[in-house]
Amino acid sequence: MRRLGLVAAAAVLVGGSLLTACNDSTTDSASGDGKGGSSSSAPAPRKSTAPADVKLTRQGWEDHEVWGDHAYVVHWEITNTGTKAGNFFAGLEFLDKDGDVLGSTGITADKLGPGKTSKGDSAPLEAEITNGKMSDIKSARVSEVQRLDY
């Protein structure tokens, strides 16, 4: 499963939903690292301040059945800590050894109910790493989280 770049993902979120990562499951557990939220729906999506937590649970180089051999894979969880279901978008940045941003991508959790957690994994495409090489990646971080009510 492949993803579009951060700009394309954000554009599609405004018009509808897009799955940008391997989405494993939705559970009742909560976790947290970053805050924010995103969801999309009908004609006029509304931004919401209702919170969401994004946690990067594991990251590093691995052989992966979807992302390929020796891919930098980020395992993540997005938890809806609000009181209504929502669609969430989180931006991920990939960093080199000096902490400089090499590139970015995005992940989504659509129609995530209150208190529910969506889990998955993601990896950057070579085209998304524009300020260096894939082999330069040493870590990843959450750069933004948006929520749009539907």
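The chain is numbered in sequence order, starting from 1.
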Might you work through the side-chain contact (heavy atoms from CB on, under 4.5 Å) test for Ile78 and Asp53, ending with a clear yes or no? CA-CA 6 Å; Ile78 299 176; Asp53 289 339; over 6 Å; no

Would you sort out whether Gln59 and Tyr72 count as a side-chain contact (heavy atoms from CB on, under 4.5 Å), showing the intermediate values? CA-CA 7 Å; Gln59 58 182 291; Tyr72 194 88; 2.8 Å; yes

Just do the side-chain contact (heavy atoms from CB on, under 4.5 Å) check on Thr105 and Val74 with the steps written out, would you? CA-CA 11 Å; Thr105 193; Val74 178; over 6 Å; no

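The structure places CD of Glu128 at 8.5 Å from CE of Met134, a figure rounded to the nearest 0.5 Å. Separation of atoms CG (Asn80) and NZ (Lys116) is listed at 10.5 Å; rounding is to 0.5 Å. Atom CD of Glu65 is separated from atom CH2 of Trp67 by 11.0 Å, given to the nearest 0.5 angstrom. Rounding to the nearest 0.5 Å gives a distance of 9.0 Å between CG of Asn131 and OG of Ser104. In this structure, the separation between CH2 on Trp76 and NZ on Lys119 is 11.0 Å, given to the nearest 0.5 Å.
The backbone N or O of Ala109 sits nowhere less than 3.5 Å from a side-chain atom of Ser118 that would complete a donor-acceptor pair.
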Solution key, residues 135-142 side-chain donor-acceptor pairs under 3.5 Å, sequence neighbours excluded:
{"unit_1": "Asp136", "atom_1": "OD2", "unit_2": "Lys133", "atom_2": "N", "d": "2.9"}
{"unit_1": "Arg141", "atom_1": "NE", "unit_2": "Glu93", "atom_2": "OE1", "d": "2.8"}
{"unit_1": "Arg141", "atom_1": "NH2", "unit_2": "Glu93", "atom_2": "OE1", "d": "2.9"}

Under 3.5 Å, sequence neighbours excluded: what are the donor-acceptor pairs made by side chains of residues 94-103?
{"unit_1": "Asp96", "atom_1": "OD1", "unit_2": "Asp98", "atom_2": "N", "d": "2.9"}
{"unit_1": "Asp96", "atom_1": "OD1", "unit_2": "Gly99", "atom_2": "N", "d": "3.1"}
{"unit_1": "Asp96", "atom_1": "OD1", "unit_2": "Asp100", "atom_2": "N", "d": "2.9"}

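Gly82 approaches Pro114 most closely through the heavy-atom pair O-CB, 3.3 Å.
A side-chain donor-acceptor contact under 3.5 Å links Asp121 and His64.
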